[in-house]
Amino acid sequence: MQDKYDPSTVERLAQEHWERSHAFRAVEDPARPKYYCLSMFPYPSGKLHMGHVRNYTIGDVLTRHHRMRGYNVLQPMGWDAFGLPAENAAMAHGVPPAKWTWDNIAYMKRQLRSLGFAIDWDRELATCAPGYYRWNQWLFLRMLEKGLAYQKTGVVNWDPVDQTVLANEQVIDGRGWRTGAVIEKREIPMYYLAITRYADELLAALDALPGWPERVKTMQANWIGKSFGVRFAFPYELDGRREKLWVFTTRADTILGVTFVAVAAEHPLATRAAKRDARLAAFIDECRRGSVMEADLATMDKKGMPTGIFVDHPLTGEKLEVWVGNYVLMGYGEGAVMAVPAHDERDFHFAKKYGLPIRQVIDVPGERFSLEAWQEWYADKQRGHCIHSGRYDGLAFDAAVEAVAADLEARELGSKRVVWRLRDWGISRQRYWGCPIPLIHCGRCGTVPVPDDRLPVVLPEDCVPDGTGNPLAKRRDFVECACPKCGGAARRETDTMDTFVDSSWYYIRYAAAGNDAAMVDERVGYWLPVDQYIGGIEHAILHLLYSRFWTRVMRDLGLVAFEEPFQRLLTQGMVLNEIFYRKPESGRITYYNPAEVEKRTDDKGMRCAAVLKADGLPVESGGIGTMSKSKNNGVDPQALIERYGADTARFFMMFASPPEQTLEWSDSGVEGSHRFLKRVWAFAGAVREAVASASGVPAELSAPLARVRREVHLNLRQANHDFQKFQFNTVASAAMKMLNALEAAPERGEGRAAVIREGMSILLRLLSPIAPHICHGLWRELGFGDDPLDAPWPQPEEAALACEHIELVLQVNGKTRGVLTLPASAAREHIEHAALASEAAQRHMAGKPARKIVVVPGRLVNVVV
RNA sequence: GCGAAGGUGGCGGAAUUGGCAGACGCACUGGAUUUAGGUUCCAGCGCCCCACGGCAUGCGGGUUCGAGUCCCGCCCUUCGCACCA
C-alpha cells in the first residue's frame, strides 16, 4: 500500500477493475427489484461543466447506494445532440454541425469516464443518429394519423436582413444578434402537437406523483392553468353587417365595469380599421416589431390607439370603443379582451394613460378605494360583491358569474367555458441541425407523409449553415423528391423538429437499446418507468411536461403500459461562483475568472480586497452568479480532476450543499474535501495491520471504546436517514465524524482493533457511493473483499447504540439553564423531581412555585413559573 | 408583469420537522513540527460584557411553556415564462 494518497493511480486501478468486470452492465432480471436511475442527458457543447459533474454525481451516488441495497440498477447515458449551438459553431468556425457534435461527444465521454460513474455505456444513444430520430419521425406520423399533429400558423422572430427565423436567444433588445436589424413578428405555417387534449389528465395526474417536489408540481399546475370563465361577444355593426367580437374573461362579475375593449394588432378588426386610418396602420406596424417573448411583452410600456369602431355592451347595449393594445396577443384566447379599469391593474394604468372612464362595480367592505386596495382585492377575488350593477347588486363572485353567464346565454351571446393557459406545442423549427419532419409537399396530392418503410428521412451531415435563410431549403438533393402517392416531382419539408421532441422519450429508448426494428420492446416493460430522475430545476416545466405528454401518446398507441415516465424527481440546484470585473471610465466591462484573482482577508478572516494576480491591482466584486461564459466565472472540471482526482471533485460537490440548493464554488472547500480523503487514506494505512489481526467486536467494551463504536453507529443511522432525504451533504459529514471518532479511539489491543475494523468497514461502504475509487482501493487493502460496490449496505446495531445515561436540557420559562444527566430509564416523576431539585432551576425560579412542568421525553424539561 | 423557490456566524451549511441555534467543513488566530514556504498535528473561534448574564436565524407583528421551524404584513435574491438546452 502506498503511503501517500495518489488519486490518479487509485482511480485508474478502480476504473480498470470496473471495466474488466463489466461491473455496470445492466441485465434484465425479473427475480430482483429494479431501480432505473436516470440523469438528464447533456447537450454536447464541448466539454463538461460543473453542473454536469454535480448532476451525474448525484445520480451515481443514488445508483451505487441502491445497488448495494440489492437493487438491479440501470444507469444509462446519452447525448441531446441536436440544437442551435452546433449551428452557431458552424457559422463561427466553418465546421459542419455533425462533425462538431460528434467530436464533442467523444471528448465529453472521456471526461465522464474519468469521473468513474457507474454507467452502462452499452446503452449509449445520441439523438442526432438516424437510428434514434427515425422513431421521432415514426411517432410524429402516428400522431398525424390520430390528428394529434396538425398544421396552423404561428408567430416567429423574423430577421429581414438575413431572411431567417431567429430563436428568442438570438434577439437582443429587439434586434438580430448578427445583423442588428429590427426584428419583426411574422406568421408562418407550422406543425403543432395537441398537448392541450391531455391538459386535464396532465393536471389531474400531478396528484399521483408523491415523489415529485411540490414546487415543480405547483409550477406545472400553474403552467397548465385550468380556469373557469365566460366566453362572450360584443355585437357590432360594421359596413352594414351585424358581427360579433368575441372575448374570454375569468371575471364575468365585473362585466358592468367594462368601459372599452382591446384587441391585438393582428386582430381582423384592427386590420379593417387600419385600412381607413393611416396613423392606426403605423401603430399596428410598430406593434409588429420587437420580440415574441412573453416576459418582454408583459413588462413593456402598454400602448394603444382607438380604432373608431364601437361595439355594444352585450347586457346594457352601451357603446364601447375598440382599442388596439400592444399587450393583447393574437395567439392567446380570442385576441381580444374586455377592459375593466376599476378592477384590473393593467386596464387601470391603460385607462389612466389614455383618459378612459373607470367604473367601480365591486365593493370591498372595509377597504379604501385606492389602487392598493384593488390589488389586494384582486389577489383574493372571492371577496367583495357587485355594486352599480343593476340586478347583480349584492351578489358575490360565484353567484355573479352564474347570473351573468345565464343572461348572456339567454341572449345567445356567450356561455361558461373551461380554458387552459397551456397552448399546443409548436414543434416546427426553420433550422438545419434537427430531426427532419417526415412530410412531402406535392403540387397535386398536397402534404403527404413519408411512408414508414422509407424512414428515416436522413439529415445530410455535410451542411455548413451561414446564418442566412434555411440551410436545408438550399439543398436540392434534400428538397427535391418524388411524391410517395403519385410519383410526381415534389418538395420535401425543410422544417426540423424542436429538440424537446428528442428529449421527450430518450429515457424509454435506453431500455430498447440496439433495436433497429422497433421503437420499443419487452425490455421497456422491465425497466420503465424511471424510478429516479435527476436534473436541473430549469427543466421543471417544459421538458418534464412534454415528456409526460409524449409518454401518454405512446400509451394510447399501445407502445407502453405506463403514463408517468418519472416516479421520483430530484431537481438539482445551479452551481454558482463569484464574479469579478473591472469597468473602465469609458469602454466595456471586463470579467475576470476567479482563478486569476487573489482574494485577501484581514486577520479576522474577513474579505478586505481582491486583486488580479497578473497586475496586483484591485478588481470589483460582482457578487455571486451561475457559472457562465458571459460572466467568465466558470471552473473547468478537467483541471479539478487532474489536480485532485475524481473522488475529491465528487466529494466536494456532494459536501458543499444539499442537492436541491444552489452550490457555491469554493477553492478552499475543495482543498478541505481533498484533505479529508487524504486523512482516510493515511488512517487506513496506520491501522492496516491491526485490522488484519482483528476479530469480531467483543460483547464487553471499555466505556471509551463503546463511545467510539456508538458514535460510528449513530452517524450511520443518521446517514441512512439522510440518504432517504437525498441529503448527501450530511452523509458526507457523517463520514467525517466517523473518521474523527475512529482516529480518537483510545487504548491499544484487541478491543480497539475490532472497533476500528468494524468502523472502517462501515465508513468505506458509507463513503463509497460518493468517493468510489478510494473506497475500492482501501476496501481491498484492508482485506474486506473485491469492491464495496458488491458488499451489502451497512445497518446500525441496536446494541451499539444503547447507552445508560441520557442528557436532558433544563429550561426555566423556556430559557435554557442547564443540562440534567439521568438514567435512560428515568420515569417522568423522577425527571420532574430532578429538575426542580437542580441548582440551576432553583436559582432561576427565584423562590416562585412551579406552575407547570413540560417534559419532552429524551429531549428536555421546561419548568414554568 | 405573471408563476415558483430561498434569506441562519467572516463563508458553505447543520438543526432527525415546534424542543440546547451554529453539527461538519472552510477561513481566521495562537501553539508544536519544519532551515524556510508548504504539509501535518494541538487549541481557540456568533455578537456584547471583567463577570453574572444579555442579544442573535432578512425586517415588523402574532400564536405557544417553548419559534430558524407555524400564522399575518413588508424587504431582498435566484429560477421559469413556451425558438438556449
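Side-chain atoms are counted along with the backbone in the values below, which use heavy atoms only and exclude waters and symmetry mates.
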Expected rows: protein N/O vs nucleotides 50-53 of chain B N/O, under 3.5 Å:
residue, atom, partner, partner atom, Å
rG53(B), OP1, Arg843(A), NH1, 2.8

Under 3.5 Å, which donor-acceptor pairs do the side chains of residues 857-865 of chain A form with other protein atoms, sequence neighbours left out?
residue, atom, partner, partner atom, Å
Asn862(A), OD1, Asn813(A), N, 3.4
Asn862(A), OD1, Gly814(A), N, 3.0

What residues 653-663 of chain A contributes to the RNA chain B interface at heavy-atom separation below 4.0 Å is Phe655(A), Ala656(A), Ser657(A), Pro658(A), Gln661(A), Thr662(A)
Here the residues of residues 673-685 of chain A within 4.0 Å heavy-atom distance, strictly under, of RNA chain B are Arg675(A), Lys678(A), Arg679(A)
Per-residue pairing states of RNA chain B in dot-bracket (Watson-Crick or G-U under 3.5 Å; . unpaired, | other strand) read (((((((..(((......[....))).(((((.......))))).(((....)))..(((((..]....))))))))))))....
> Between rG60(B) and rA15(B), how far is it from one P atom to the other, in whole Å?
Replying inline: 26 Å
Review point. Distance check: side-chain N/O of Asn168(A) vs OP1/OP2 of rC81(B), anything under 4.0 Å?
Key: no
Kindly say whether the aromatic ring centers of Tyr327(A) and Phe350(A) come within a distance under 6.0 Å.
yes
Quiz item: rA15(B) phosphate, OP1 or OP2: any side-chain N/O from Gln727(A) under 4.0 angstrom?
Solution: yes
With a cut-off of less than 4.0 Å, is there a side-chain N or O of Asn729(A) near OP1 or OP2 of rC24(B)?
no
Sorted by chain and number, sequence neighbours left out, salt bridge (charged side-chain N to carboxylate O under 4.0 Å, His left out) with Arg54(A) holds for none
In whole Å, what separates the C1' atom of rC47(B) from that of rU8(B)?
14 Å
